[in-house]
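This report refers to the structure that appears directly beneath it.
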Amino acid sequence: MKTQSAFKNGEYIVRISGDIDHHTTLGIREEIDAGLVTNKPKRLILDLSETDFMDSSGLGLILGRLRKCTEAQIGFVLVNPRPPVIKILRLAGVEKMLDIRIL
Amino acid sequence: MKTLKNKAKTQFLALSENESFARIFTAGFVRNLGVTPSLLADIKTVVSEAVTNAIVHGYRGRDAESSLVFLELKYYSDKTLIITVTDRGCGIPDIEEAMQPFFTTDAEGERSGMGLPIMDAFSDSLRLTSSPKGTRVTMKKKLL
Ligand SMILES: Nc1ncnc2c1ncn2[C@@H]1O[C@H](COP(=O)(O)OP(=O)(O)OP(=O)(O)O)[C@@H](O)[C@H]1O
Ligand SMILES: [Mg+2]
């Protein structure tokens, strides 16, 4: 797992490559939450185009960030989740609660 | 009559870095069985869920050095894969409750409570047996 982040025009973009599982979520969560505090963005964008694998731990990460962003009135967008990730979001019934963009 | 075609077994310490080991071990086992990418994704997901539960819940608060997770894969002539994940942890007091979508005993850990419902949906059958001596999850997946 590797993350790459950028902040521009009020948007905080985090690209997560590799696997999102229980082992990797803790580090990803800390990085994103710290970035939200320092950057104070209008919008958090999680770029999942290079996320190869995600299980329910990733679901917890996504729903946790959605909650946090909603509370802080920050927009939250998921970009390019691959079919297996979409399958998990759909099964959990949260696909419709999320702003998912395929670019 | 169905016959056993292949079998592999591994055991590892209840450390989170072994979650990816379990997925890679499983992917290696099914590598030559002609599974589609989406089937492979399902298989990796259910293994990851079961192993993570053993590590996170089964052995919660215990020493990882003395906590083992067991993963067994069996492939049969009728093209079924049987995945068994066993821990010797604390057990699940109420299986029916544990199976409910969004049920979790670890909400602070930002768990979604969707692991068992995902295992159920992504496999063709799921059997859970549990006692205060540990938990065993057995999943069947047709590789067609
Ligand atoms: N191997 C196990 N040993 C002990 N308890 C378990 C085990 N597996 C599951 N449980 C119990 O069942 C509950 C539900 O499990 P499930 O995998 O559905 O959700 P979760 O692990 O809490 O969250 P998520 O999988 O979404 O991260 C757990 O919170 C835990 O209390
Ligand atoms: Mg779980």
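Letters A, B, ... mirror the listed sequences (proteins, then strands); counts begin at 1. Quantities reported herein were computed from a predicted structural model and do not represent experimental measurements.
For A/P84, the part sitting under 4.5 Å from any heavy atom of chain B is the side chain, from C-beta outward, and nothing else. Residue B/V46: no heavy atom, backbone or side chain, is found under 4.5 Å from chain A. The contact between B/D42 and chain A is made entirely by side chain atoms (from C-beta outward), counting heavy-atom distances below 4.5 Å. Contact of B/T45 with chain A is made through backbone and side chain together, with heavy-atom distances under 4.5 Å.
At most 12 non-hydrogen atoms from other residues, nucleotides or ligands lie less than 6.0 angstrom from CZ of B/R136. Heavy-atom neighbours of A/K2 NZ from other residues, nucleotides or ligands within 6.0 Å: at or below the threshold of 12. For B/K142, the NZ atom sits in a packed shell: over 12 heavy atoms of surrounding residues, nucleotides or ligands are nearer than 6.0 Å.
Using a 4.0 Å cut-off between charged nitrogen and carboxylate oxygen, A/D19 and B/R23 count as a salt-bridge pair.
In this structure, A/I62 is a member of the same hydrophobic cluster as A/L91, with clusters built from ILVMFWY side-chain heavy atoms closer than 4.5 Å. A continuous path of hydrophobic side-chain contacts links B/M99 to A/L59 [ILVMFWY only; heavy atoms under 4.5 Å]. At a threshold of 4.5 Å between side-chain heavy atoms, the hydrophobic network of Ile, Leu, Val, Met, Phe, Trp and Tyr places B/L15 and A/I20 in two separate groups. B/V137 and B/Y75 fall within a single hydrophobic cluster, where Ile, Leu, Val, Met, Phe, Trp and Tyr side chains are chained together by heavy-atom contacts under 4.5 Å. Cluster annotation: A/I74 is connected to A/F76 through the hydrophobic network of ILVMFWY side chains, with a link wherever side-chain heavy atoms come within less than 4.5 Å.
Contacts between residues 114-130 of chain B and chain A, defined by a heavy-atom separation under 4.5 Å, are made by B/M114, B/G115, B/P117, B/I118, B/A121, B/F122.
Checked by atom type, the side-chain pair B/E19/A/H22 shows a donor-acceptor distance below 3.5 Å.
The two atoms that bring A/L61 and B/E110 nearest to each other are CA-OE1, 4.2 Å, heavy atoms only. Between B/S20 and A/D21 the shortest heavy-atom distance is N-OD2, 4.2 Å. Scanning all heavy atoms of the two residues, the minimum distance from B/F102 to A/A92 falls at CZ-O, 3.3 Å.
Atoms OG and CZ, from A/S56 and B/R111 in turn, are 6.5 Å apart once rounded to the nearest 0.5 Å.
For the set A/I88, A/L63, A/T24, the count of heavy-atom pairs under 4.5 angstrom toward chain B peaks at A/I88.
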